[in-house]
Amino acid sequence: MEEYNAKELEPKWQTYWAQNNFFKTKMDKSREKYYVLEMFPYPSGKLHMGHMRVYSIGDVLARFLKMRGYNVLHPMGWDAFGLPAENAAIQHGADPAEWTASNIAAMKEQQNALGLSYDWDREVTTCSPEYYRWNQWLFLLFYKNGLVYKKKAAVNWCPSCNTVLANEQVVDGGCWRCGSEVAWKELEQWFLKITAYADRLLDDLKLLEGWPERVKIMQENWIGRSTGTDIVFTVKETGDELRIFTTRPDTLFGVTYMVLAPEHPLLDKLIAGNPQEEEVREFVRQMRRESEITRTSAETEKVGLFTGAHAINPANGEVVPILVGNYVLMSYGTGAVMGVPAHDQRDFLFAQKYNLDIRVVVNSPEKDLTAAPLTEAYEGSGVLVNSGKFDGIPNEDAMKAITDWLVEQGKGKYQVRYRLRDWLISRQRYWGTPIPIIYCDNCGPAAVPEEDLPVMLPVGLSLTGRRSPLVDSADFLHTKCPRCGGGARRETDTMDTFFCSSWYFMRYADPKQDKAPFSKEKVDYWLPVDQYIGGIEHAVLHLLYSRFFTKFLYDQGLVKFQEPFQRLLAQGMVYKDGAKMSKSKGNVVTPDEIIDRYGADTGRLFILFAAPPEKDLDWSERGVEGCHRFLRRVWRLFIQNLDLFDRVGKATDKLPSLGQEEKELQRAMHAAIKKINADIEERFNFNTAISAIMELVNAAYSYFNETTPERRESFSPLLCRVLDTIIILLAPFAPHISEELWHRCGHEESVHQQKWPDFDPRALAVEEAEVVIQVNGKVRGRILVPVDSTEDELLERARSNERVRPYLEEKEIVKTITVPGKLVNIVVR
RNA sequence: GCCGAAGUGGCGGAAUAGGCAGACGCACUUGACUCAAAAUCAAGCGGUCUCUGAUCGUGUGGGUUCGAGUCCCACCUUCGGCACCA
């Protein structure tokens, strides 16, 4: 018998699909669309198992939905700007553009070898001028709307990548890409005002019903909204206003000191001429050397220094010392805080250390806190004391009462603050989208006029690794001022690559458009993405930025949707031997190896069968072999029974009425269809969908073992239907073997163009069902009963069952519970 | 410390609305075929015991219920996120 040979048949069908333009997608307003998207990769040149997993998931969905009748958009592209290309250039003298292009070609070949159903006509490559031109266009749109600004700020600097990083790109104090410890640098940088959208980014998380809860919570934490009050204190010595933010305005009368961030603008003036001046200056210098990350880590001890100045509490006129402290951040709130040691544990420890006053202003309902010195801060609720006219008010009410009172006097206002900071988008690197800004000594910074876009990234520069070659490229640097026409120079910073990936999913709708980023009509039809699939590592990077872009484009009237991704699937990681695959551990298995040894179908099947998509997966060579064995088993089932298919059409009209075995097989088929539909559509549980196909194949084998060839021949139309259905059900998971067997069975057109089957509830209906009999909740017997039995009949049969009877003897039946068609429970005493 | 997810056979995992715990697969055991092996096919496969049956069993301890892997309370362990955000 002919053996299953994946190596031979897989390339054959890949070519067939490509030549017949199987995966080309056209806009068709008469049909319902479905947009399936996997996060596009960085073209590193090599596909790893994580890629294989995410693409396999997406491909099953795309193929399944296509067979369900949707007009499916399933594109692929390249997040092609970024550091590795540039580093390869520095280390091996490669040309970043060529290096990237050859990596793309290599990866695309691997993707095609996996049998992925992409519409390659829509391929998007972010490092091509046709794409990054629209990055620049969008940058200018943000700029015109006041959402891009340049400011000098202390920013995260990765010494190894030689560039700045956004807050989201600092992970545990290190660079997200290379892990190097991030330093602190004062630089003038471009920022995107994502904080202007903080509220909407937070509130609209509620709309994302198809997102995993954990991702939404991560974004919520990252945005970190707190509502409170801004309160204005007065500096006693200078009369300056000192503004702080607090979420506990009810404790205002308990303030015993104030603390400023080392970078606070008032500090210089406050210490001038004081005995503490030099000491404070030294402290500030020291703080500026440390990054915000190390300075504010939980392990770092709080340090404070008296400035010599004092503040006047607007509530009671009290004079309290002003300190400077390492733990106060200039980048959050106003860069200054009030200290209430009695009601904040951090303040309490700080006050103990520096011997500052501790005054109770919220009394505990359980214990009078004013009686003895506190041993820890009281952060709970209670009634106000030592708070003038607010004494006796519950502290929750006092928050509003005190704030209202401050507002009346012009000493405060309600305020909402966020942990989220503006997105730093400039990078001091070469391989990225040039920021379209021109600096003129006479006119200042100016936007590059739209008709001059794209600002081309020059090629053929030599890269030294010391600094961006754009800085040294006279051709690039020197230009004319768009306002006065005089000599001017270009911005040499490029954009963070996350800028590119924040809208690429819209470009797929209209990838060749050269008048705009995309045509409204096409984006209106295809977007939003119905199902997005990717790694959890982008929970607050790409996924937050893309939501921000979408909301901005919505405000500009360019798109009609406010959220880019309807449903999100965060797929788990691929492990082997309990550890992440890595070269150093020597536990790497590559998609290439698997395709070579077993074929793409086996690899896809294993990766989908071994675990549900959102869970981590442990790679198992034995498991892969098991899946390969299953495909061979399917292969044999068909190849050995091809003669059945020859008879189709001849005997259809005189099919004898079905025997018990045929009915069972038919029921097994409909049960499998029902389960698989639910598993794919509602739950993404591909692992159980595949096990349902296995069960159906097992049922078919059982039938073939139990019946004679003559009998099978007389039922061949039914058997053909069952076998056809097996191929169709298998097609999204293992597309090549399915196509091969489909054609071998005598079909002309592709299996992937078949209509997906629906189950027939009538075929699923059974005449008799097995019912479990319990006595006091324990299974004591099973009976086969007609499904239309009444409750009384059921009970009677249960009671008289010989296995059950002994448990009922000399007992009183207290109660019975029946679940129709399933179970009877008799409660006895 | 705070927030979240998870904990089921030797292993990956299943049990979708509180109703037969362990589907499907792997590994293993036995048998058939074979000179033999591989492949394939068939059967078995949670623990314990007095083994045609009984009993225990879903991280631990309690609870709700006729009935709990599933719901509630407390705890343990593992993983992930946040971590002086005022």
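First the proteins, then the strands, lettered A, B, ... as listed; each starts at 1.
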Are any of the side-chain nitrogens in K216(A) or E209(A) under 4.0 Å away from the carboxylate oxygens of its partner? no

Would A5(B) be called syn or anti, given that syn covers angles within 90° of 0? anti

C1' spacing across the pair C28(B) / G10(B), given as an integer number of angstrom: 9 Å

Salt bridge or not for K413(A) and D230(A), using N-O below 4.0 Å? no

Looking only at heavy atoms, what is the nearest atom pair of I594(A) and M49(A), with distance? CG1-CE, 3.7 Å

C1'-based separation of U8(B) from U58(B) [nearest Å]: 4 Å

Rounded to the nearest Å, what distance is computed from the CD1 atom of residue I217(A) to the P atom of nucleotide A83(B)? 16 Å

Could you check how far CG of L543(A) sits from P of G81(B), rounded to whole Å? 15 Å

Side chains of T229(A) and T246(A): is there a donor and an acceptor less than 3.5 Å apart? no

Aromatic plane relationship, Y4(A) with W635(A) - under 30° parallel, 30 to 60° tilted, over 60° perpendicular: tilted

Nearest heavy atom decides the nucleotide; on that basis, is D679(A) or M338(A) closer to the 5' end of RNA chain B? D679(A)

Distance in angstrom units between F245(A) CZ and A86(B) C1', rounded: 8 Å

Considering only the P atoms, how many Å lie between G62(B) and A43(B), rounded to the nearest integer? 43 Å

Distance, rounded to the nearest Å, where Q774(A) contributes CD and A21(B) contributes C1': 13 Å

Under 4.0 Å, heavy atoms only, any strand: does R417(A) hit a base, just the sugar-phosphate, or nothing? nothing

May I ask you to say what V827(A) touches in the nucleic acid, namely base, sugar-phosphate or nothing, with a heavy-atom cut-off under 4.0 Å? sugar-phosphate

Sugar-phosphate only, base, or nothing, as touched by T334(A) at under 4.0 Å among non-hydrogen atoms: nothing

Strictly below 4.0 Å, N to O, side chains only: are R359(A) and D357(A) in salt-bridge contact? no

The nucleotide from A15(B), G13(B), C66(B) with an atom nearest the side chain of K615(A) is G13(B)

So if I take every side-chain heavy atom of A610(A) and compare against A86(B), G19(B), G12(B), which nucleotide ends up nearest? G12(B)

Taking every heavy atom of R604(A) against every heavy atom of M52(A), the minimum-distance pair comes out as N-CE, 3.6 Å

What's the OH-P distance between Y575(A) and G12(B), to the nearest Å? 14 Å

Round to a whole Å and report the spacing from CZ of R632(A) to P of A39(B). 8 Å

Would the base of U55(B) count as contacting K778(A) through its side chain, where contact means a donor and an acceptor less than 3.5 Å apart? no

Would you indicate which nucleotide in A14(B), G19(B), C41(B) comes nearest to any side-chain atom of V819(A)? G19(B)

Record whether the side chain of N825(A) comes under 3.5 Å of the base of C66(B) through a donor-acceptor pair of N or O atoms. yes

Mind telling me if G7(B) is syn or anti? Syn here is a glycosidic angle within 90° of 0. anti

Rounded to whole Å, CG of D616(A) lies from P of U78(B) at a distance of 17 Å

Ignoring backbone atoms, test whether T688(A) places a side-chain nitrogen or oxygen under 4.0 Å from the OP1 or OP2 oxygen of A23(B). no

Between U16(B) and A23(B), how far is it from one C1' atom to the other, in whole Å? 13 Å

Nearest heavy-atom pair of L165(A) and L424(A): which atoms, and what distance? O-CD1, 3.8 Å

Mapping E3(A) and S702(A) onto RNA chain B by nearest heavy atom, which one lands closer to the 5' end? E3(A)

Quantified in whole Å, what is the C1' atom distance between nucleotide G46(B) and nucleotide A27(B)? 15 Å

Check whether any side-chain N or O of K302(A) sits under 4.0 Å from OP1 or OP2 of C84(B), and answer yes or no. no

Assigned chi class of C51(B) under the 90° convention is syn

In whole Å, measure the gap between the C1' atoms of U77(B) and C66(B) for me. 34 Å

Would you sketch RNA chain B in dot-bracket for me? Only Watson-Crick or G-U wobble pairs with both distances under 3.5 Å count, crossing pairs as [ ], other-strand pairs as |, the rest as dots. (((((((..(((......[....))).(((((.......))))).((((...))))..(((((..]....))))))))))))....

For the pair made of CD1 in I536(A) and P in C3(B), what is the distance, rounded to whole Å? 19 Å

Given Y257(A), which partner from the list F350(A), Y354(A), F233(A) fulfils the ring-ring contact (aromatic ring centres under 6.0 Å, His included) test? F350(A)

Distance between P atoms of G57(B) and U70(B) (Å, rounded): 13 Å

Walk me through whether R633(A) and N698(A) qualify under side-chain hydrogen bond (donor to acceptor under 3.5 Å, both in side chains). CA-CA 9 Å; R633(A) 198 165 138 83; N698(A) 290 345; 2.7 Å; yes

Looking only at side-chain N and O atoms, does N705(A) come under 4.0 Å of OP1 or OP2 in A42(B)? yes

Any R780(A) side-chain N or O less than 4.0 Å from OP1/OP2 of C20(B): no

Nucleotide by nucleotide, 5' to 3', does protein get under 4.0 Å of the base (B), only the sugar-phosphate (S), or neither (-) in nucleotides 24-34 of chain B, counting heavy atoms? BSSS-------

What are the two closest non-hydrogen atoms of T195(A) and D422(A), and how far apart are they? OG1-OD1, 2.6 Å

Heavy-atom closest pair, residues M330(A) and T334(A): CE-O, 3.6 Å

Base, sugar-phosphate, or nothing for K675(A), non-hydrogen atoms under 4.0 angstrom? base

Interatomic distance at C1', A21(B) relative to A68(B), whole Å: 11 Å

